[in-house]
> 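Sharing a structure here in structure tokens format.
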Number of protein chains: 2
Amino acid sequence: MQEASPGRARVTIADIARAAGVSKPTVSRALNDHRDVGAATRERVREVAAELGWFPHAGARALRTGRHDTIGLLMPLTHWWGYADIQYGIAEETARRGLHLLVQPLHPGERAEREFVTRTLPALSIDGLILLMPEGTPRHVGALAHTGPPAVVIDDRGHRLDLPYVESTNRAGFRDLVRHLVGTGRKRVAFAGGQLDDAFAQERFEGYQDALREAGLPYDPELTVLPADREPTAEELGELLAAGPDAVAAAWDEIAFGVLNVAHTEGRRVPEDLAVAGFDDSPIARVMRPPLTTVRQPFREMGSAAVRMLLDAIEHGAPPAHFTVPTELVVRASCGAR
Amino acid sequence: MQEASPGRARVTIADIARAAGVSKPTVSRALNDHRDVGAATRERVREVAAELGWFPHAGARALRTGRHDTIGLLMPLTHWWGYADIQYGIAEETARRGLHLLVQPLHPGERAEREFVTRTLPALSIDGLILLMPEGTPRHVGALAHTGPPAVVIDDRGHRLDLPYVESTNRAGFRDLVRHLVGTGRKRVAFAGGQLDDAFAQERFEGYQDALREAGLPYDPELTVLPADREPTAEELGELLAAGPDAVAAAWDEIAFGVLNVAHTEGRRVPEDLAVAGFDDSPIARVMRPPLTTVRQPFREMGSAAVRMLLDAIEHGAPPAHFTVPTELVVRASCGAR
DNA sequence: TTGTACGCGTTATCAG
DNA sequence: CTGATAACGCGTACAA
């Protein structure tokens with residue numbers, strides 16, 4: 001035993017039973033809202049429990065029931081606001097349901113992934129797992145599907161795993177964005193992308209092409225910059241602007257910020273000469289000059305949806321499904337629509 | 001029992017004992033690196049355990065030992081990158097030590113705080129708690145000090161609680177920043193603050209005054225903007241610039257961004273006409289135009305330091321102490337020093 | 001509606 | 001160095 005601090009010993013249901021003059025099982029039933037307990041007994045037991053300051057021992061309960069009332073979150077080590085926002089949504093939903101949230105950092109690399117799945121995961125006191133997967137998704141974690149606890153994936157753009165997942169409307173959201181630009185009279189809409197090995201950017205690029213097709217506008221390769229493994233540089237953005245677009249849709253807000261900077265340097269007025277738009281609605285979007293038109297990613301909602309799906313799988317054995325949370329166009333000054 | 005999925009039943013040390021031809025206690029000792037176990041026995045037990053795919057049941061272990069190998073993190077619901085970075089540091093350190101991290105969102109308000117301390121906290125399966133306290137620190141959580149598990153506070157600027165805490169050098173860091181501006185020849189350094197009820201901004205303001213005093217420069221109220229409960233507006237920043245500063249030190253990076261915007265609108269060149277600097281080294285600092293000189297907050301280090309302090313308190317009963325992590329001046333183009 | 005008896009998986013104690 | 005025994009706190013058969 002620890003007994004480090006000389007604090008009084010733990011209060012157990014045995015103590016309550018003694019004080020209330022009933023047996024342990026009766027206390028347990030009263031405390032767990034079982035129906036077959038006398039109303040008067042239940043009340044008395046609860047009063048005594050509160051008086052004695054009893055609280056359940058999660059470990060003992062888990063040992064007996066096999067449930068931990070805890071869900072795990074496997075997430076990359078990052079300080080990107082988007083993942084923090086997803087965690088926000090998850091934490092809010094778990095707290096609302098009286099569940100605990102155990103956060104496990106995911107170290108990159110095959111070795112670390114395998115280590116996690118084979119050694120760390122099985123020993124976790126959790127009822128289910130949410131996988132927050134960055135691009136370059138851990139493939140070994142896929143083994144989870146059939147060996148570990150119920151799991152739900154957020155952002156599995158590649159759909160490589162046979163697991164339920166939550167996604168947002170990247171492609172349709174980007175299409176809506178470009179559609180909006182076209183709707184305000186822009187004819188030469190450029191696309192500034194990046195990291196096309198990333199399925200996110202890929203889907204957004206497809207949404208861009210969808211919108212062009214839909215509007216009967218030609219796809220002009222000169223109006224796209226697509227560095228495969230990074231964001232476009234200022235030089236690349238300069239070349240893009242040299243091709244004469246009247247609007248630039250960026251794959252995410254930070255790229256749009258770069259576009260604004262280059263446009264400013266070259267003396268192009270935004271939005272008069274050039275409309276600029278981004279994607280994600282990051283915290284910096286609203287403070288850009290001019291404030292950036294963008295598409296809000298429903299990160300919090302994705303988090304809470306993942307929790308709900310996971311509980312469905314845990315409690316009702318729901319089969320692998322997927323849930324799509326819609327993005328939302330946010331019109332600000334940079335596109336000239338207002 | 002759950003037995004939901006027809007997966008094989010859990011492997012316990014009893015299974016290992018049977019397979020290895022020894023008793024349960026011996027298996028336990030072998031698996032826990034007790035000294036009084038024969039080397040050969042230990043090896044054999046370990047091999048069998050690996051072969052059978054055994055892993056410990058955390059709940060059962062906690063029930064017996066009173067330890068959970070888990071620490072709790074109480075943090076506000078936010079997506080601010082700074083808190084995410086602190087969590088990064090905490091998660092990295094706990095993972096390194098084989099500990100688990102249980103994240104508890106802190107809902108604002110006295111009622112929710114009291115609820116947390118009296119109902120949620122006692123039932124958590126944790127050995128210690130890290131309190132990530134936003135401004136307007138929960139006072140009721142202070143009751144933790146003597147009733148709950150060992151706790152460590154991060155960012156308790158007011159030092160109101162009798163708990164160990166981790167802080168960074170806000171005041172000295174800001175003094176260094178202003179000292180740097182003065183060192184490059186600026187004579188009229190302005191301060192753009194905000195939320196002075198917040199101890200952070202207060203300390204930075206004091207650092208600003210320290211540097212002026214040290215340099216023998218007068219404190220001119222016209223060169224400060226100090227909105228009490230928010231960030232300065234563009235109009236307020238315009239008035240500040242009208243007072244003719246040759247440098248502006250902002251209490252945090254986002255304010256500096258606003259200064260850059262206003263300076264640009266008014267046609268002032270940065271850094272030629274006006275040096276601008278911020279504080280925090282947020283992700284947007286390096287992409288501003290020009291890139292922002294600022295002071296890096298050692299968030300990750302603060303997180304890992306908090307874990308170490310907490311473990312000290314848990315394992316060795318270390319008395320309440322405090323630990324200060326130094327900030328670091330980051331010189332970029334906006335101050336003209338290079 | 002309530003009580004008796006037991007076991008979940010693990011480790012501490014003690015005897016050998 | 002090892003084994004027998006008991007106990008951690010709780011919930012669930014089953015019997016009353």
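As a basis for the values below, the full set of heavy atoms in this structure was taken, side chains included, without hydrogen atoms, waters or symmetry mates. A note on names: the letters A, B, ... follow the listed sequences, proteins ahead of strands, and every chain is numbered from 1.
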> Can you find a heavy atom in the side chain of B:E115 that is under 4.5 Å from one in the side chain of B:H107?
no
> Give the rounded distance in Å between these two atoms: NE2 of B:H57 and P of D:dC10.
15 Å
> Any non-hydrogen side-chain atom of B:P149 less than 4.5 Å from a side-chain atom of B:D127?
no
> Are side-chain heavy atoms of A:F299 and A:W81 found at a separation under 4.5 Å?
yes
> What contact category does A:T12 fall into here, base, sugar-phosphate, or nothing, at under 4.0 angstrom with non-hydrogen atoms?
sugar-phosphate
> Would you kindly give the NZ-to-C1' distance between A:K24 and C:dA5, to the nearest whole Å?
10 Å
> Measure from the side chain of B:N32, starting at C-beta and using heavy atoms only, and say which of D:dG11, C:dT11, C:dT10 lies closest.
C:dT11
> Given atom CZ of A:R67 and atom P of D:dG9, what is their separation to the nearest angstrom?
23 Å
> Just N and O in the side chain of A:H34: are any of them under 4.0 Å from OP1 or OP2 of D:dT12?
yes
> State which of D:dC10, C:dT10, C:dG9 makes the closest approach to the side chain of A:L63.
C:dG9
> On a heavy-atom basis, which atom in A:V37 and which in A:A30 lie closest, and how many Å separate them?
CG2-N, 4.1 Å
> So which nucleotide from D:dC1, C:dT11, C:dT4 ends up closest to the side chain of B:D36?
D:dC1
> Select from A:A39 and B:F55 the residue whose nearest nucleotide in DNA chain C is closer to the 5' end of that strand.
A:A39
> With side chain to side chain contact (heavy atoms under 4.5 Å, CB included) as the test, pick out the partner of B:L102 among B:L74, B:I126, B:I71.
B:I126
> State which of C:dA12, D:dC10, D:dC8 makes the closest approach to the side chain of B:T65.
C:dA12
> Which listed nucleotide (C:dT10, D:dC10, D:dA4) is nearest to the side chain of B:P25?
D:dA4
> Can you tell me the distance, in whole Å, between the CZ atom of A:R35 and the P atom of D:dT12?
12 Å
> For B:R119, I'd like to know if atom CZ has over 12 heavy atoms of other residues, nucleotides or ligands within 6.0 Å.
no
> Given atom NE2 of B:H68 and atom C1' of D:dG9, what is their separation to the nearest angstrom?
11 Å
> Can you see if the side chain of B:T41 gets near the phosphate of D:dC1 - specifically, an N or O under 4.0 Å from OP1 or OP2?
no
> B:L31 CG to C:dT11 C1': how many Å, rounded?
12 Å
> Specify the separation, in whole Å, of atom CG of B:D33 and atom C1' of C:dT11.
15 Å
> Has A:T26 got a side-chain N or O lying under 4.0 Å from the OP1 or OP2 atom of C:dT1?
no
> Taking CD1 from B:I13 and C1' from C:dT11, how many angstroms apart are they, rounded to a whole number?
7 Å
> Is the base of D:dG3 touched by the side chain of B:R29 through a donor-acceptor pair closer than 3.5 angstrom?
yes
> Please determine whether any donor N or O and acceptor N or O are separated by less than 3.5 Å between the side chain of B:R64 and the base of C:dT11.
yes
> As a test of reading the structure: which of D:dA4, C:dG3, C:dT10 is closest to the side chain of A:S23, going by heavy atoms?
C:dG3
